[in-house]
Amino acid sequence: MEFETIAAHGFIDLQKQNHAVSAPIYANTAYSFDSVQHAIDLFDLKTGGDIYSRLSNPTNDIVEQRIAALEGGVGALTTSSGMSAALIAILNIAGAGDEIVSSAKIYGGTYNLFNKTFKQMGIKANLVNTDNIEDYEKVITEKTKCIYAESIGNPSIKIADMEELAKLAHKYGIPLIVDNTVPTPYLCRPFEFGADIVIHSTTKYLSGHGNAMGGIIVDSGKFDWEKSGKFPMLTEPDESYHGIIYTKEFKNAAYIAKTRAHLVRDLGCCQSPFNSYLTYLGLETLHVRMDRHCENALKLAQYLENHPHINFVKYPYLKSSSDYAAAQKYLKHGASSLLGFGVDGDGTKFIEALKLFIHATNLGDVRSIITYPAGTTHRQLSDEQLIAADISKDYMRASVGLENINDIIEDIDNAIKISRK
Ligand SMILES: Cc1ncc(COP(=O)(O)O)c(C=O)c1O
């Protein structure tokens, strides 16, 4: 099935759900066992099935299968938020004494997770603030367990060179993990460029309505953990499951099986089935919404590019963008709704004069949203770190919504005028 058809129909079994045409919300926590042997087999991971909703849930399962198919992966795990998806994706293969290499041009929350919390946990994050592949290579050591990047950085709006990063990661026998939140699989499928694991904040475009926190991890099933030899957590016996070896038991779905069996079991950051249901509803219209997000964002970017009181515009589908060639390579149909610009006026007056744009820290919502990173999401970063993350003090990040483009432009235009009074 093609993308749009999977989004609307994928992995629904009408017979199994009393012919209800939409996914049911399974709100229960526990599942009954057929027999003691059935329970033993489930607990020993010898048979598939639900035990307890922290581990798996049929509503979550539909969303997991749908997103795995849309990304072209072998399996997925829903989590409580995008942050817990990033956390689990890395803890699944790295522990105290290990290191990771990541782009520094990433979401501020993820930056903090790597730079502060991972440090406390004994995992060293080497954050690279250039786009040069050689700079990534320089900080890879024997202890490095993955390379991490955002396909389109938030709020830097920088496209990662996933093909080159994947080649580098594979040269050192480690996977490339890509946060694909901003383009979504409709615009970009990182597995096609060599990435091994994809994560998302489903809070954004995948659910799309700004009403459900969530995250997901998708496994491409292509990384050879045994051949690498660097991942004993996957290739050596797990005592908490009577010595099973994930790569032997689950073959190419070993990575994703372990995220569920080990980490979501122990950390408890599971997805609420109600939020999964809302994400499921959002997925049905993902392609239609993304087309309109891209169309509106490009029109606004083109308008701002010719505006006399705009210092700069960042949008990868602008021909003048330094990322234009990368956008043509990595992004089908468009460059999503994130757009950055600098106003030649008073930033506070500009933000407060907007009437249609909502001043908030979110993106991928049907409504247009404006964020002022240096004053909010990236407030805790030092001047040096702000430069590394490509954020100037006048930087405004817009997530262009689905409203009429004339109203969007009029709102911005009016706020620019007020910012200069
Ligand atoms: C690119 C990106 N990844 C991850 C996250 C974290 O997601 P969540 O807010 O769902 O925890 C965000 C949040 O803004 C984000 O923009």
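For reference, positions follow the sequence shown, starting with 1. Bear in mind that the values here come from a model prediction, so they are computed numbers and not experimental data. Just the heavy atoms: all of them, side chains too, but no hydrogens, waters or symmetry mates, feed the values below.
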Side-chain heavy-atom pair [X], [Y] within 4.5 angstrom cut-off:
X      : Y      : value
Leu402 : Arg289 : yes
Ile67  : Val218 : yes
Ile408 : Phe357 : yes
Asn296 : Leu300 : no
Tyr31  : Asn57  : yes
Met396 : Ile370 : yes
Leu304 : Ile412 : yes
Tyr280 : Ile12  : yes

[X], [atom1] atom: more than 12 neighbouring heavy atoms under 6.0 Å:
X      : atom1 : value
His38  : NE2   : yes
Lys124 : NZ    : no
Phe312 : CZ    : yes
Gln120 : CD    : yes
Lys329 : NZ    : yes

May I ask you to check whether Gln271 and Ser80 show a side-chain donor-acceptor distance below 3.5 Å?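 Per modelled atom types, Gln271 and Ser80 side chains form no pair under 3.5 Å.
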Side chains of Gln65 and Asp61: is there a donor and an acceptor less than 3.5 Å apart? yes
Apply side-chain hydrogen bond (donor to acceptor under 3.5 Å, both in side chains) to the pair Ser337 and Tyr205, showing each step before the final yes or no. CA-CA 9 Å; Ser337 79; Tyr205 304 91; 2.7 Å; yes
Check [X] against [Y] and note the closest heavy-atom contact, atom names and distance.
X      : Y      : value
Ser103 : Tyr136 : CB-OH, 3.1 Å
Ile157 : Pro316 : CG2-CD, 3.6 Å
Gly173 : Phe231 : O-CE1, 3.6 Å
Val400 : His293 : O-ND1, 2.8 Å
Arg260 : Ser56  : NH1-CB, 3.7 Å
Ser22  : Leu281 : OG-CD2, 4.3 Å

Take Glu226 and Thr247 through the test side-chain hydrogen bond (donor to acceptor under 3.5 Å, both in side chains) and record every step on the way to the result. CA-CA 7 Å; Glu226 283 181 346; Thr247 45; 3.1 Å; yes
Quick check against the 3.5 Å criterion: does [X] have a side-chain atom that pairs as donor or acceptor with the backbone of [Y]?
X      : Y      : answer
Thr144 : Cys146 : no
Ser81  : Met213 : no
His9   : Thr5   : no
Gln17  : Ala20  : yes
Thr202 : Gly215 : yes
Thr78  : Glu64  : no
Tyr186 : His333 : no
Asp224 : Lys227 : yes
Glu4   : His287 : no
His209 : Ser207 : yes

Which distance, rounded to the nearest 0.5 Å, do you find between the [atom1] of [X] and the [atom2] of [Y]?
X      : Y      : atom1 : atom2 : answer
Lys222 : Asp196 : NZ    : CG    : 8.5 Å
Ser399 : Leu338 : OG    : CG    : 5.5 Å
Leu77  : Leu263 : CG    : CG    : 9.0 Å
Asn92  : Met233 : CG    : CE    : 7.5 Å
Tyr52  : Leu55  : OH    : CG    : 9.0 Å
Phe118 : Asp98  : CZ    : CG    : 11.0 Å

Under 30°, 30 to 60°, or over 60°: which ring-plane class applies to Trp225 and Tyr255, parallel, tilted or perpendicular? parallel
Determine, for [X] against [Y], whether the closest basic-nitrogen to carboxylate-oxygen distance falls under 4.0 angstrom.
X      : Y      : value
Lys393 : Asp383 : yes
Lys314 : Glu305 : no
Lys171 : Glu137 : yes
Lys158 : Glu150 : no
Lys299 : Glu295 : yes
Lys258 : Asp238 : no

Could you point out which residue of Asn311, Val343, Ile310 forms a side chain to side chain contact (heavy atoms under 4.5 Å, CB included) with Asp394? Asn311
Working note: Ile351 + Thr348, criterion side chain to side chain contact (heavy atoms under 4.5 Å, CB included); need CA distance, chi angles, decisive distance, verdict. CA-CA 5 Å; Ile351 291 269; Thr348 304; 6.0 Å; no
For Thr141 and Glu99, what are the C-alpha separation, side-chain angles and deciding distance, and is it a side-chain hydrogen bond (donor to acceptor under 3.5 Å, both in side chains)? CA-CA 8 Å; Thr141 72; Glu99 297 183 11; 3.2 Å; yes
Answer with yes or no after comparing the ring centroid distance for Phe114 and Tyr148 against a 6.0 Å cut-off, counting only values under it.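 Yes, ring centres under 6.0 Å apart.
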Of all residues at least two apart in sequence or in a different chain, which pass the ring-ring contact (aromatic ring centres under 6.0 Å, His included) check with Tyr246? none
Criterion side chain to side chain contact (heavy atoms under 4.5 Å, CB included) on Thr181 and Asn154, from CA distance to verdict: CA-CA 9 Å; Thr181 299; Asn154 170 29; over 6 Å; no
I would like to know whether Met121 and Leu91 meet side chain to side chain contact (heavy atoms under 4.5 Å, CB included); could you show each step before the answer? CA-CA 10 Å; Met121 296 166 91; Leu91 286 190; 3.8 Å; yes
Step-by-step side-chain hydrogen bond (donor to acceptor under 3.5 Å, both in side chains) determination, Arg54 to Thr29: CA-CA 8 Å; Arg54 174 161 24 89; Thr29 45; over 6 Å; no
